[in-house]
Amino acid sequence: MNLCQMDKRKKGSAKELRVMVVGSSGPSQFQLTNAIFGKEAFSKDVTSIFASMKNRGELAGRPVAVVNGPNIYDKDLSYAKKKIELRRSMCLCIPGPHAFLIAFDMENISLNDMRTPRLLKKRFGANCLKHCMVLFAYEGNLDRAALENRVKKTDWYLRELIEKYGGRFHVFKKNWRDQSQNKELLRKIELMVASLGGGHFSSRTFQKAEDSVKKEERKLRKRRAEEIETTWNEMEPQYMAEELCVQKDAYVAHVGAEIQAKAELDNGWLRTSLARGLGTGLVVGAVIGTLFGSIEGPGGMVLYGFIGGAVGASAGGTAQVAIKHMENRVTPPARLNFNSIFINRFFAASWTRQHKETVTSL
């Protein structure tokens, strides 16, 4: 066995734990991510994020990759944006997470929080709850045993919530500097994973995400094949046999990680979702432009219709938010009643159709 093979075995000995952190609303999921890493990956003011992201670090000494997506009930994101970010979060976590950590604020449980299991099953698959654990964020230096007793016995709504996730839960401090409970969190996650056979969660949608990412990686590698070969040829006169092997492996690993990161963030599956959002936005934008144009007269309807279409294409699904905002700010004259009725019906039909397609298209 040569030096390169020995190095590979050492690197491969610690298996990375893939975790998807999910939040209902507010800052809880970002506080949990900070607590896992013991650093401020997200500032204390963050209550929502626009784009899904992945951070790597350690949880109680074990390598871990944590994926954060927008909150489930984030009101600032359009349907189209939520859809593409859901897909992106799955691409960032391929071939699937070992655990879903569902983060809530212990002192601020809402009706939406109680409904999250149903939505999670629709988003990720019927069996995902077996891989879920509830994480409760709390403030201050409270007694851990008292907190756990409160969840299990005192507060019926907390007990009812964790029962939806098989009774699995953990409490964590909002103060990320306190790492005293991380070993216990890791132990609970590993126990849950072991009880499920030691593997990760998967579903048809996660498989679709993985296939799309791998296909994109092959394309990117093909494009960079000449660059890689040139770099290897430049290395050969600079290093001796074993050192050359080490340098080549390091370079390949670097390029591979770079390609994987690009493919996870941009691939055919995501581009398809984006294109659909842009198509809807194009139509919606034209409707917005026509409404504003009608205020200026018949000529304005044509001009603003084209402008609105262009704006809608760039904004995608956010056009619905613009319409709602516009309706709150603009009181149209009587001659615009037809336009208003048309827009209301258009969005009602569009929303109903999109809502029905959520489960099948994600």
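Everything quoted here is computed from the prediction, not taken from an experiment. Numbering of residues begins at 1 and proceeds along the displayed sequence.
Between the OG atom of S195 and the NZ atom of K130 there is a distance of 10.0 Å, given to the nearest 0.5 Å. With values rounded to the nearest 0.5 angstrom, H200 atom NE2 is found 8.0 Å from K15 atom NZ. Atom CG of residue L158 and atom CD of residue E148 lie 12.5 Å apart, to the nearest 0.5 angstrom. Here the CG-CG distance, from L244 to D249, works out to 9.5 Å after rounding to the nearest 0.5 Å. With values rounded to the nearest 0.5 angstrom, I189 atom CD1 is found 11.5 Å from R168 atom CZ. In this structure, C91 SG and L270 CG are separated by 4.5 Å, a value rounded to the nearest 0.5 Å.
V21 and I49 fall into different hydrophobic clusters, where Ile, Leu, Val, Met, Phe, Trp and Tyr are joined by side-chain heavy atoms under 4.5 Å apart, directly or via other members. Under a hydrophobic-cluster definition in which Ile, Leu, Val, Met, Phe, Trp and Tyr are linked whenever side-chain heavy atoms come within less than 4.5 Å, directly or via other members, Y251 and Y239 are assigned to the same cluster. Following chains of ILVMFWY side-chain contacts shorter than 4.5 Å, one can reach M114 starting from L119, so the two form part of one hydrophobic cluster. Grouping the Ile, Leu, Val, Met, Phe, Trp and Tyr side chains by contacts below 4.5 angstrom, directly or via other members, places V22 apart from M133. Under the 4.5 Å side-chain contact rule for hydrophobic residues, M20 and L120 share a cluster.
Within a 6.0 Å radius of CZ in R144, more than 12 heavy atoms belonging to other residues, nucleotides or ligands are found. Sparse packing is recorded around CD of E229, with 12 or fewer heavy atoms of other residues, nucleotides or ligands lying under 6.0 Å away.
The ring pair (Phe, Tyr, Trp, His ring centres under 6.0 Å) pairs that include a residue from residues 149-192 number zero, where partners must be two or more places apart or lie in different chains.
Shortest non-hydrogen contact noted between F37 and Q179 is C-OE1, 4.3 Å. When all heavy atoms of L220 and A263 are compared, the pair lying nearest together is CD1-N, 4.2 Å. Between G199 and V193, the closest heavy-atom pair is O-CG1, 3.7 Å. The minimum heavy-atom distance linking H131 with N127 is given by the pair CD2-O, 3.9 Å. Shown here for R87 and S273, the closest heavy-atom pair between the two residues is NH1-CB, 3.4 Å. Taking each heavy atom of G268 and E216 in turn, the nearest pair found is N-OE1, 3.9 Å.
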Acceptor/donor pairs from residues 134-142 side chains to any protein atom, 3.5 angstrom cut, sequence neighbours excluded:
residue, atom, partner, partner atom, Å
Y138, OH, Q181, NE2, 2.8
N141, OD1, K173, NZ, 2.9

Contacts table for residues 97-112: side-chain donor-acceptor under 3.5 angstrom, sequence neighbours left out:
residue, atom, partner, partner atom, Å
H98, ND1, R18, N, 3.0
D105, OD1, E107, N, 3.0
D105, OD2, K174, NZ, 2.9
E107, OE1, R150, NH2, 3.3
E107, OE2, R150, NH1, 2.8
S110, OG, N112, N, 3.4
S110, OG, D113, N, 3.3
S110, OG, D113, OD2, 3.3
N112, OD1, R115, NH1, 3.2

Report task. Apply side-chain contact (heavy atoms from CB on, under 4.5 Å) to E236 and K248, showing your working. Result -> CA-CA 9 Å; E236 287 181 356; K248 281 187 174 182; 3.7 Å; yes
Query raised in the report: Can you check side chain to side chain donor-acceptor pair (under 3.5 Å) on S180 and D178, steps first, answer last?
Result: CA-CA 6 Å; S180 60; D178 188 336; 2.7 Å; yes
Query raised in the report: Under the side-chain contact (heavy atoms from CB on, under 4.5 Å) criterion, do V67 and V19 qualify, and how do the steps go?
Result: CA-CA 6 Å; V67 174; V19 173; over 6 Å; no
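Scored by the ring-ring contact (aromatic ring centres under 6.0 Å, His included) test, F42 finds F30 as partners (sequence neighbours excluded). Not counting sequence neighbours, the partners of E190 by the salt bridge (charged side-chain N to carboxylate O under 4.0 Å, His left out) test are R62. Judged as a salt bridge (charged side-chain N to carboxylate O under 4.0 Å, His left out), and not counting sequence neighbours, the contacts of E227 are R224.
The side chain to side chain contact (heavy atoms under 4.5 Å, CB included) test with M90 is passed by exactly one of I94, L86, L92: L86.
Within the 4.5 Å cutoff, side-chain heavy atoms of W232 are placed close to those of V252. Between R218 and K214, the closest side-chain pair of non-hydrogen atoms falls below 4.5 Å. The closest side-chain heavy-atom distance from N267 to K215 is not below 4.5 Å. Using a 4.5 Å heavy-atom cutoff, the side chains of L129 and K164 are not in contact.
Looking at S25, its side chain never comes within 3.5 Å of a backbone N or O of Y73 through a donor-acceptor pair. Here the side chain of N71 pairs a donor or acceptor atom with the backbone of T47 at under 3.5 angstrom. Counting only distance, with no hydrogens or angles, the side chain of K54 and the backbone of V66 share no donor-acceptor pair below 3.5 Å. A donor-acceptor contact shorter than 3.5 Å is absent between the side chain of S28 and the backbone of G23. Between the side chain of S212 and the backbone N or O of A209 there is no donor-acceptor pair closer than 3.5 Å. The backbone N or O of P70 sits nowhere less than 3.5 Å from a side-chain atom of D74 that would complete a donor-acceptor pair.
Using a cutoff of 4.0 Å between basic side-chain nitrogens and carboxylate oxygens, R221 and E217 are scored as salt-bridged. Salt bridge present: E16 and R56 bring a charged side-chain N and a carboxylate O closer than 4.0 Å. A salt bridge does not link E85 with K82: none of the charged nitrogens is closer than 4.0 Å to a carboxylate oxygen. Comment: E40 does not engage K44 in a salt bridge, judged by the lack of any side-chain N to carboxylate O separation of less than 4.0 angstrom.
In summary, the side chains of N34 and Q31 do not present any donor paired with an acceptor at a separation below 3.5 Å, with no hydrogens or angles considered. With 3.5 Å as the limit, one finds a donor-acceptor pair spanning the side chains of Q207 and D211. For Q260 and E264, the side-chain atoms include at least one donor-acceptor pair closer than 3.5 Å.
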